[in-house]
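Predicted model, so just to flag it, every value in this text is computed and none were measured. One-based numbering, in listed order, for ligands and for the atoms of each.
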Amino acid sequence: MYRVKIITVFPDSFPGTLNTGVVGKALKNKIWSLKTINPRKFAKGNYKKVDDTTAGGGPGMLLKADVIGKSIDACYKNIKSNENYPLVYLSPRGIPLKQSKVINLSKMKGINILCGRYEGIDQRLLDFYPIEEVSIGDYVLAGGEIASQVLVESIVRLLPGTLGDIESTTSETFSQDLLEYPQYTRPKKWKNIAIPEVLLSGNHENINKWRLKQSEILTQKVRPDLWKNYKKSKTSKK
Ligand code: 6GU
């Protein structure tokens, strides 16, 4: 069972979308488990403060090192080797998430995730713990909760038993750098638009060729960055 622990000041956000579809089914089938840790549990005083103003002044509040530190320690309490349970901090400052990273994370025993909120966390947490800072894209969310669901869903769908055999074949080698080709289903004609003839031909060699070509055209057009990688890996594999 792949163990997911999430440190969040908004535990009500979970399981959220992670309870639906194949990922929710995998949760029920115990392919993975989910636990949230609310830092407030470790906060002191009447107000149970988890955040405070930034040293040096300026706007916003930071999650406190003492409270978050205790939350991280709680995640690792019953874990023998930390190496199999990486600690990921979700923040817009992190390394952009890629499928290659998702694949690596899916091969671990589990993951501990810290969701950022407010202006971020005390820098000493990042210096003290082996934290991987990860971003899900170049835009700013109000917190890491939705980002963590993105990350967990991308991992769980790769775990053995989550997807059927048919679906699981698409994450192969350098198809990773290509966008998916256009797909069609019945009716054969819709608003007077027909399904491309080759797809109805029954000739699988031609169909595969057509699909690859369409993927290449699309990738070249909308993702020149992926297209560059694809061409590079294609020539190096020849
Ligand atoms: Cl992981 N967190 C926040 N707050 N904003 C983001 C993000 C994460 N990734 C992209 N934007």
Side-chain angles (χ1 to χ4, degrees), residues 2-21 23 27 32 34-40 42-43 49-56 58-65 67-69 71-72 74-76 82 85-108 110-159 176-177 179 222-226 229:
Y2 190 90
R3 287 173 207 278
V4 178
K5 290 181 193 163
I6 298 183
I7 301 169
T8 169
V9 291
F10 293 113
D12 290 350
S13 320
F14 297 90
T17 191
L18 298 173
N19 227 358
T20 67
V23 172
L27 182 59
W32 68 288
L34 178 65
K35 190 175 182 233
T36 56
I37 288 112
N38 188 346
R40 212 164 293 278
F42 303 102
K49 251 168 94 82
V50 293
D51 58 337
D52 210 336
T53 53
T54 57
M61 306 284 272
L62 295 182
L63 290 171
K64 281 154 59 62
V67 173
I68 297 300
S71 307
I72 293 171
C75 282
Y76 286 99
N82 291 11
Y85 292 89
L87 177 59
V88 170
Y89 169 50
L90 287 169
S91 105
R93 269 190 9 173
I95 294 168
L97 183 63
K98 297 241 166 63
Q99 188 64 16
S100 52
K101 180 72 193 173
V102 175
I103 291 169
N104 286 339
L105 290 172
S106 76
K107 290 173 181 162
M108 304 284 132
I111 187 172
N112 295 324
I113 299 173
L114 171 59
C115 298
R117 270 280 155 178
Y118 316 107
E119 295 307 302
I121 63 176
D122 191 300
Q123 178 62 34
R124 289 168 292 182
L125 289 161
L126 297 166
D127 297 338
F128 183 79
Y129 291 103
I131 301 187
E132 298 182 53
E133 206 168 343
V134 170
S135 161
I136 65 158
D138 292 336
Y139 42 80
V140 182
L141 304 168
E145 280 74 13
I146 289 177
S148 76
Q149 291 181 29
V150 169
L151 176 62
V152 171
E153 178 165 321
S154 69
I155 292 169
V156 170
R157 64 179 286 283
L158 296 180
L159 298 176
Q176 266 185 49
D177 289 320
L179 300 179
V222 306
R223 290 295 300 274
D225 54 327
L226 290 184
N229 290 345

Query raised in the report: Do other residues, nucleotides or ligands put more than 12 heavy atoms under 6.0 Å from the CG atom of Leu34?
Result: yes
**Report entry** Side-chain (Glu132) to main-chain (Pro86) donor-acceptor, under 3.5 angstrom
**Finding:** no
Query - Passing candidate, side-chain contact (heavy atoms from CB on, under 4.5 Å) with Leu151, options Ile6, Val4, Val88 - result: Val88
**Report entry** Closest protein heavy atom (residue, atom, distance) for atom 1 (Cl) of ligand 1
**Finding:** Ser91 N, 3.2 Å
Query raised in the report: What residue and atom, counting heavy atoms only, is the protein's closest point to atom 9 (N) of ligand 1, and at what distance?
Result: Ile136 N, 3.0 Å
Query raised in the report: Just by distance, do the side chain of Tyr76 and the backbone of Tyr85 share a donor-acceptor pair under 3.5 Å?
Result: yes
Query raised in the report: Would you say Asp138 has more than 12 foreign heavy atoms packed within less than 6.0 Å of its CG?
Result: no
Report summary line: Closest to atom 11 (N) of ligand 1 among protein heavy atoms sits Tyr139 O, 2.5 Å
Query raised in the report: Where does Asp138 meet ligand 1, judged by heavy-atom distances below 4.0 Å: at the side chain, the backbone, both, or neither?
Result: neither
**Report entry** Top protein contact for atom 3 (C) of ligand 1, by heavy-atom distance
**Finding:** Pro92 CD, 3.3 Å
Report task. Might you confirm whether atom NZ of Lys98 has over 12 heavy atoms from other residues, nucleotides or ligands at distances under 6.0 Å? Result -> no
Requested in this report: Could you tell me the residue and atom name of the protein heavy atom closest to atom 10 (C) of ligand 1, and the distance to it rounded to 0.1 Å?
Outcome: Gly137 O, 3.0 Å
Query raised in the report: Within the structure, does Ala142 bring an N/O atom to less than 3.5 angstrom of an N/O atom in ligand 1?
Result: no
Query raised in the report: Hey, is ligand 1 close enough to Leu141 that some N/O pair sits below 3.5 Å?
Result: yes
